[in-house]
Number of protein chains: 2
Amino acid sequence: MSSSTTDSGPTRRPTRQRAALAEVMAATSEFLSAQDLHAKLQSRGDSVGLATVYRNLQAMASDGDVDVLRTDDGEAVYRSCGTAEHHHHLVCRECGRTVEVDGPAVEKWAAEVARANGFTDVTHTIEIFGTCTSH
Amino acid sequence: MSSSTTDSGPTRRPTRQRAALAEVMAATSEFLSAQDLHAKLQSRGDSVGLATVYRNLQAMASDGDVDVLRTDDGEAVYRSCGTAEHHHHLVCRECGRTVEVDGPAVEKWAAEVARANGFTDVTHTIEIFGTCTSH
DNA sequence: TCAGGATTGACAATCATTCTCATCTGGAAT
DNA sequence: ATTCCAGATGAGAATGATTGTCAATCCTGA
Ligand SMILES: [Zn+2]
Ligand SMILES: [Zn+2]
Ligand SMILES: [Zn+2]
Ligand SMILES: [Zn+2]
């Protein structure tokens with residue numbers, strides 16, 4: 001019996017490509033696009049296919065290892081945050097500097113609004129943008 | 001220098017195309033993509049170029065006449081809401097049914113979080129998704 | 001009425017993201 | 001160590017939403 005019923009997700013083998021990607025992401029604090037990360041890998045000497053970068057970012061995101069958000073023009077950007085806990089972001093639209101924030105009150109508010117309207121399976125998107133002190 | 005509240009804004013001439021688009025939007029309550037709206041116009045007999053639909057939606061959005069948000073896959077969807085006041089949305093991911101909501105506490109929280117971190121020119125994005133009662 | 005800028009539309013061009021599929025590789029079994 | 005094979009990769013094609021082009025057309029103010 002090689003089947004494991006407790007397995008939470010698809011098998012995921014370690015590869016040099018994903019390791020390099022994870023490394024680059026760990027070394028960065030801003031939200032970057034798949035293309036940005038691909039370029040960063042290139043300049044570091046790690047050759048990784050663009051499709052592979054996309055695939056791994058998706059995998060990491062669905063595993064909760066990275067956070068994703070959409071820029072104003074719809075581009076997906078990724079960031080490996082300091083915590084796996086649910087949280088949100090305060091992002092500088094000039095330099096990309098990002099602060100991880102949380103707000104129990106907001107979480108409650110969102111849940112309550114949904115409940116009051118009979119909605120279930122609730123999720124939410126909350127991001128704050130601004131210009132940080134260095135501008 | 002972007003638009004201020006006292007700015008008269010760019011001249012905007014009335015056209016049959018924009019009128020038709022506004023009409024269709026006023027008759028709809030869900031968030032729809034530019035392509036959806038273009039199709040809807042077609043089936044109504046109003047011939048409007050796709051590019052024109054995109055241009056007008058952008059104009060209407062920047063005029064604050066319609067709200068825009070991004071679906072999970074990055075597609076922009078538009079909706080003409082019942083109020084011009086700042087508000088957010090509770091959207092059913094099954095049928096698109098949308099409820100306009102507001103939360104003074106959340107607005108304050110966002111502003112405070114930003115201020116506490118020295119961010120200025122603050123804006124935020126808040127959307128709640130769920131499954132409504134009819135599912 | 002008339003000129004000139006705003007608007008439109010058909011279609012090309014972008015461009016991020018996904019798909020294809022032949023090839024490669026990690027690791028479990030032998 | 002060698003074999004086996006499903007997961008993983010990569011090069012490039014394909015997709016699809018959005019934007020750019022530019023000549024023709026429409027408003028509007030003089
Ligand atoms: Zn985060
Ligand atoms: Zn939250
Ligand atoms: Zn709205
Ligand atoms: Zn708000």
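Please read all numbers here as calculations on a predicted model, not as lab measurements. In the text below, chain A, chain B and the rest are named by the order of the sequence lines, each starting its count at 1.
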d([atom1], [X]; [atom2], [N]) in whole Å:
X: Gln35(A); N: dT18(C); atom1: CD; atom2: P; answer: 11 Å
X: Glu75(A); N: dA17(D); atom1: CD; atom2: P; answer: 18 Å
X: Leu57(B); N: dA17(D); atom1: CG; atom2: P; answer: 14 Å
X: Leu32(B); N: dA17(D); atom1: CG; atom2: C1'; answer: 16 Å
X: Asp73(A); N: dA17(D); atom1: CG; atom2: C1'; answer: 12 Å
X: Asp36(B); N: dA17(D); atom1: CG; atom2: C1'; answer: 12 Å

Before you tell me yes or no, could you show the steps for Met60(B) and Tyr78(B) under side-chain contact (heavy atoms from CB on, under 4.5 Å), namely the whole-Å CA-CA distance, both residues' side-chain angles and the distance that decides it to 0.1 Å? CA-CA 10 Å; Met60(B) 295 164 88; Tyr78(B) 306 79; over 6 Å; no
Looking at every heavy atom in both Phe129(B) and Arg93(B), which two are closest together, and how far apart are they?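 In terms of heavy atoms, the two residues are closest at O-NH2, 3.6 Å.
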Give the minimum heavy-atom separation between Arg70(A) and Thr71(B), together with the two atoms involved.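 Where Arg70(A) meets Thr71(B) most closely, the heavy atoms are NE-O, 4.4 Å.
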Can you find a side chain N or O atom of Gln58(A) that sits less than 4.0 Å from OP1 or OP2 on dT17(C)?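 Checking Gln58(A) against dT17(C): no side-chain N or O falls below 4.0 Å of OP1 or OP2.
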Neighbour count above 12 (heavy atom, 6.0 Å) for Asp63(A) CG: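 Yes - once you tally the heavy atoms of other residues, nucleotides and ligands closer than 6.0 Å, there are more than 12.
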Between Tyr54(B) and Pro14(B), which residue's closest nucleotide on DNA chain D lies nearer the 5′ terminus?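 In this pair, the answer is Tyr54(B).
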Side-chain contact, heavy-atom cut-off 4.5 Å: Ile126(A) with His88(B)?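 A side-chain contact under 4.5 Å is absent here.
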Check the interface with nucleotides 8-12 of chain D: list each N/O to N/O pair with the protein under 3.5 Å, or write none.
unit_1  : atom_1 : unit_2   : atom_2 : d
dA8(D)  : OP1    : Arg13(A) : N      : 3.1
dT9(D)  : OP1    : Thr15(A) : OG1    : 2.7
dT9(D)  : O3'    : Gln17(A) : NE2    : 3.0
dG10(D) : OP1    : Gln17(A) : NE2    : 3.2
dG10(D) : OP2    : Gly49(A) : N      : 2.8
dG10(D) : OP2    : Thr52(A) : OG1    : 2.6
dG10(D) : N7     : Arg55(A) : NH2    : 2.6
dG10(D) : O6     : Arg55(A) : NH1    : 3.3

Taking side chain to side chain donor-acceptor pair (under 3.5 Å) as the cut-off, I'd like each qualifying pair that reaches into residues 112-122 of chain B, sequence neighbours left out, listed once.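 The answer is Glu112(B)-Arg115(B).
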